[in-house]
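Structure record follows, encoded as structure tokens.
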Amino acid sequence: MADKVLEVAHLEKFYGKKHVLHDINFSVDQGEVVTLLGPSGSGKSTLIRCLNGLETYQKGTITFEGQKIVPTEKNWQQLRQKIGMVFQSYDLFPNLTVMDNILLGPTKVQKQDKQAARQEAERLLASVELSDYANAYPRELSGGQAQRVAIVRALALHPDFMLFDEVTASLDPEMVRGVLNIIEGLADQDNMTMIVVTHEMNFAKQIADRVLFLQDGEILEQTSSKQFFSNPQTSRAKEFLDSMDF
Amino acid sequence: MAHSGISVLFEGTNFMRLLGGLWVTVKIAAVALIFGIILGIILGVLRTFKNRPLRVVLRLYLEFFRVVPTVVLLFLFYYILPRQMNFNLPADQLATLVFVLWVGAEMSDIVRGALISVPRHQIESGKAIGLNRFQLYRYVLIPQSLTLEIPATINLATRVIKTTSILLLISVMDVINIGQQIIEANNHTYPTGVFWVYGLIFLFYFLIDYPLSWWAKRLEKRRLEKANG
Ligand SMILES: Nc1ncnc2c1ncn2[C@@H]1O[C@H](COP(=O)(O)OP(=O)(O)O)[C@@H](O)[C@H]1O
Ligand SMILES: [Mg+2]
């Protein structure tokens with residue numbers, strides 16, 4: 001059996017009195033790609049943000065690489081080097097060049113050797129076809145380019161696990177493909193373990209080993225991608241798939 | 001004998017004395033600004049922390065220095081502190097201290113305002129690459145807040161320089177105090193000297209403050225142009 005990278009057990013999350021995650025249970029194996037699907041407001045972002053400590057949770061446990069996480073800010077700080085995350089907004093640091101955006105984590109957080117980190121950053125930039133932009137500032141990039149740099153910035157820390165939250169949702173349609181290709185490459189060539197939130201159903205269908213379907217903060221289905229897309233078990237999931245135009 | 005008033009400026013060492021006074025003024029303003037800005041950055045950063053007692057104390061500090069007129073602060077420190085607390089400083093150093101504390105208070109508000117207007121996404125993406133709180137401020141928040149802070153800081157600097165004109169009230173030998181002495185000493189020989197002395201002082205202040213406020217306006221205009229595309 002494959003190693004479990006992540007295990008979530010009985011996770012509960014409230015915003016004030018509002019109960020947004022109900023008894024969440026799932027695990028992710030080494031090298032597995034899980035897509036998190038569900039209507040808007042179902043709690044996908046909240047769940048994925050709990051997994052790298054950007055949101056607190058009130059009950060339940062998260063176990064990462066066999067260690068039960070004690071959710072203090074200090075522990076999360078360490079863990080975030082292993083659990084990378086890319087967001088919907090293009091959130092590069094506007095005060096730094098593309099290269100410095102990428103180097104910040106490796107050199108300041110991980111104290112890697114500058115020269116080696118730079119070489120690695122150049123290699124990663126080349127892999128997303130942005131070598132020419134190393135010295136550009138984020139404002140000079142298109143949304144798609146910025147998002148590719150944001151992915152590189154997360155990968156530069158050599159995470160074991162990646163979280164993607166609707167990373168193409170605010171891109172112009174012609175930019176989407178380039179970003180999705182990078183994520184596909186990560187899954188296929190690098191065998192990266194990841195959770196992907198997306199509303200690109202064709203992409204989800206192609207990349208996912210497994211699907212978690214979330215509705216109103218509950219996991220309603222948790223099945224193989226094949227099963228979910230060909231034969232969803234709940235009527236909610238059927239409605240959801242029908243509503244998505246693909 | 002008819003004397004042209006302007007000659008009063010060049011009588012004896014008058015001009016050099018006025019320049020000396022100007023130097024005292026500029027020195028106090030400069031030192032107050034340098035240390036006040038450093039203090040203000042530290043306090044401004046602290047005011048963005050969640051710690052409630054800390055925030056309340058710093059808020060009270062700001063309000064105190066903002067509500068009490070600078071003249072009153074000066075008198076308070078000059079007349080009351082030495083007696084009550086046995087705390088003695090020469091007038092110019094005391095004035096510098098009061099100005100540092102005042103600038104620090106005003107600056108803390110500028111810094112805090114700029115820091116909290118950096119978008120939340122920036123904080124989250126900084127955290128997501130493992131930055132700790134210090135690194136987040138050092139590499140992400142403070143650099144991004146600077147462009148917002150600079151115009152307001154320059155405006156504060158012009159206010160500080162203007163406010164140095166009250167230093168004569170605690171007998172600091174600044175440019176106005178010296179000017180006053182020259183006017184009094186030459187009252188008989190140069191009855192119109194007062195216009196020339198104050199005219200020159202006006203020119204000094206104008207030459208220092210006008211470029212600063214012009215610069216602040218230009219930076220602010222540029223920033224708004226950039227922000228609005
Ligand atoms: N900071 C917040 N405070 C209060 N409620 C929130 C907050 N963020 C999200 N919510 C609520 O939590 C629920 C789940 O939101 P979210 O995780 O963003 O859903 P999704 O990503 O699936 O669209 C929604 O009802 C949303 O309104
Ligand atoms: Mg979301």
Side-chain angles (χ1 to χ4, degrees), chain A residues 45 48-49 51-55 72-97 100-112 137-139 146-147 149-159 161-165 167 170, chain B residues 37 41 44-55 110-154 219-229:
Chain A
S45 296
I48 203 174
R49 288 158 55 85
L51 303 180
N52 76 344
L54 289 178
E55 295 290 349
T72 62
E73 187 57 28
K74 212 174 173 98
N75 288 339
W76 280 120
Q77 234 168 61
Q78 294 300 314
L79 282 163
R80 286 179 191 132
Q81 298 170 46
K82 296 192 167 176
I83 307 177
M85 179 156 185
V86 184
F87 305 84
Q88 173 176 344
S89 51
Y90 339 130
D91 48 7
L92 297 179
F93 306 126
N95 55 310
L96 300 176
T97 61
D100 288 339
N101 262 275
I102 299 169
L103 288 180
L104 194 55
T107 59
K108 302 299 177 192
V109 177
Q110 297 185 327
K111 319 274 184 217
Q112 286 180 26
Y137 279 88
R139 62 174 174 276
Q147 201 55 298
V149 174
I151 295 173
V152 164
R153 184 176 64 182
L155 294 177
L157 293 160
H158 295 292
F161 188 50
M162 283 294 298
L163 306 169
F164 292 96
D165 189 2
V167 292
S170 32
Chain B
I37 285 171
I41 290 174
V45 166
L46 291 176
R47 286 186 58 207
T48 63
F49 288 7
K50 290 216 174 68
N51 188 320
R52 232 193 132 73
L54 182 71
R55 272 168 39 179
I110 295 173
V111 171
R112 176 183 169 274
L115 285 174
I116 61 177
S117 66
V118 175
R120 218 186 71 161
H121 284 145
Q122 289 289 318
I123 299 175
E124 298 196 332
S125 49
K127 282 184 175 177
I129 57 168
L131 298 180
N132 62 31
R133 183 147 80 172
F134 174 78
Q135 292 165 332
L136 201 56
Y137 276 91
R138 165 73 181 76
Y139 299 109
V140 178
L141 297 178
I142 292 176
Q144 288 185 42
S145 68
L146 284 182
T147 46
L148 299 172
E149 285 160 19
I150 288 169
T153 307
I154 299 169
L219 286 175
E220 184 63 12
K221 204 173 132 220
R222 277 237 200 111
R223 190 182 70 74
L224 288 177
E225 278 169 7
K226 228 184 201 172
N228 302 328

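Labels below follow one simple rule: chain letters A, B, ... track the order of the sequence lines, proteins then strands, and each chain is numbered from 1. Everything quoted here is computed from the prediction, not taken from an experiment.
- The greatest number of non-hydrogen atom pairs below 4.5 Å with chain A, out of R133(B), K127(B), Q135(B), H121(B), is found for K127(B).
- The structure places CG of L136(B) at 14.5 Å from NZ of K108(A), a figure rounded to the nearest 0.5 Å.
- The line from CD1 of I142(B) to CG of N95(A) is 11.0 Å long, rounded to the nearest 0.5 Å.
- Note: Q110(A) CD to I129(B) CD1 = 10.0 Å, rounded to the nearest 0.5 Å.
- Only the backbone of L92(A) comes within contact range of chain B, with heavy atoms under 4.5 Å apart.
- Counting heavy-atom pairs under 4.5 Å between each of L54(A), N52(A), L104(A) and chain B puts L104(A) at the top.
- In this structure, the separation between CD on Q81(A) and CG on L131(B) is 9.5 Å, given to the nearest 0.5 Å.
- Between R49(A) and E124(B) there is a salt bridge, since a side-chain N of the basic residue sits under 4.0 Å from a carboxylate O of the acidic one.
- Contacts of E73(A) with chain B are made by side-chain atoms alone, with heavy-atom separations under 4.5 Å and no backbone atom involved.
- Atom CZ of R223(B) has more than 12 neighbouring heavy atoms from other residues, nucleotides or ligands inside a 6.0 Å radius.
- In this structure, the separation between CZ on R120(B) and CG on D91(A) is 12.5 Å, given to the nearest 0.5 Å.
- Annotation for S125(B) and R153(A): closest pair CB-NH2, 3.5 Å, computed over non-hydrogen atoms.
- With chain B as the partner, the residue from G84(A), P94(A), G53(A) showing the most heavy-atom pairs under 4.5 Å is P94(A).
- Contacts between F93(A) and chain B at a heavy-atom distance below 4.5 Å involve backbone atoms as well as side-chain atoms.
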